[in-house]
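Accompanying notes for the structure given below.
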Amino acid sequence: MASFAVFVLQLLAVGAPPTLVSDAQRAMADEIEHARIAFALASLYEGTGVGPGPLPVGRPRVAADLDAVVAAVIAEACVAETLAGLELREVAAQAEDPALARLLARIAADEQRHAELGWRFVQWALSEAGADRGRAEACFAAALASAEAAAEDMSSRPGEPALRSHGVVDAPLRAALWRRALDGLVRPAAARLCAA
């Protein structure tokens, strides 16, 4: 939620279209609901109330430099949110409890929409706002390399397949999903976006 609050300010600072700003505000509200759901599920599994505590944010840094915002969005939305949405879609399909499956599918759809918001912002920044295309390509390369390194590390960890039916993505499943998504979705989309 805090990252979307900063993103809304960044969008305003770089003169983004109102549709991107309103979609970012909606995403922030989605994240509040996701946290509420996650704490409710944790409370159910724990058998006692689990809730949020203070979030030490300090002084949030709001980048007003278009290329800096693009770099952050590439890493956090185009790559990370895309991968998160796919993970959630996978565990929603594996969840044994129908109510849990519905909740996870709903959150997966939200995360996909958040990722699409990031891609739309980068497209706008490159095509209409004059963002540095070469820098965006470098940011995509770095984010992809980081995700690939993380997938490599996760693939060597032991799995816990029994947890998948409870909505948990274990390390080997995450590694496989990430590799498939990076090669089949993120890398080609990034190449098309930067070449357009």
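Every value quoted in this text rests on a predicted model; they were computed, and no experiment measured them.
Comment: R157 engages D153 in a salt bridge, judged by a side-chain N to carboxylate O separation of less than 4.0 angstrom. Salt-bridge check for R113 with D110: passed, with a basic side-chain N closer than 4.0 Å to an acidic carboxylate O. Between E90 and R164 there is no salt bridge, since no side-chain N of the basic residue sits under 4.0 Å from a carboxylate O of the acidic one.
The side-chain hydrogen bond (donor to acceptor under 3.5 Å, both in side chains) test applied to S165 returns no partner, not counting sequence neighbours.
Atom CG in L144 sits 10.0 Å away from atom SG in C78 (nearest 0.5 Å). Between atom CD of residue E111 and atom CG of residue L117 there is a gap of 11.5 Å, rounded to the nearest 0.5 Å. The distance from the CD atom of Q112 to the CD1 atom of I107 is 14.0 Å, given to the nearest 0.5 Å. Atom OG1 of T19 is separated from atom CG of L11 by 9.5 Å, given to the nearest 0.5 angstrom. Interatomic distance, F4 CZ to E76 CD, rounded to the nearest 0.5 Å: 9.0 Å.
At distances below 3.5 Å, not a single donor-acceptor pair connects side-chain atoms of D67 with backbone N or O atoms of A131. A donor-acceptor contact shorter than 3.5 Å is absent between the side chain of S146 and the backbone of A142. The closest donor-acceptor contact from the side chain of D170 to the backbone of E160 lies under 3.5 Å. The backbone N or O of C194 lies less than 3.5 Å from a partner atom in the side chain of R133, making a donor-acceptor pair.
Residues H114 and E31 have side chains that bring a donor and an acceptor to within less than 3.5 angstrom of each other.
A single hydrophobic cluster is seen to contain both L12 and V73, as judged by linkage of ILVMFWY side chains at heavy-atom distances under 4.5 Å, directly or through other members. Hydrophobic cluster membership is shared by M28 and V14, with clusters built from Ile, Leu, Val, Met, Phe, Trp and Tyr side chains linked at under 4.5 angstrom.
By the 30° and 60° cut-offs, the orientation of the rings of F140 relative to W119 is parallel.
When the shell of 6.0 Å around CD of E33 is examined, it contains more than 12 heavy atoms from other residues, nucleotides or ligands.
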**Request:** Mind running side chain to side chain donor-acceptor pair (under 3.5 Å) on E87 and W178 for me, showing each step along the way?
**Result:** CA-CA 8 Å; E87 284 180 26; W178 281 25; 2.6 Å; yes

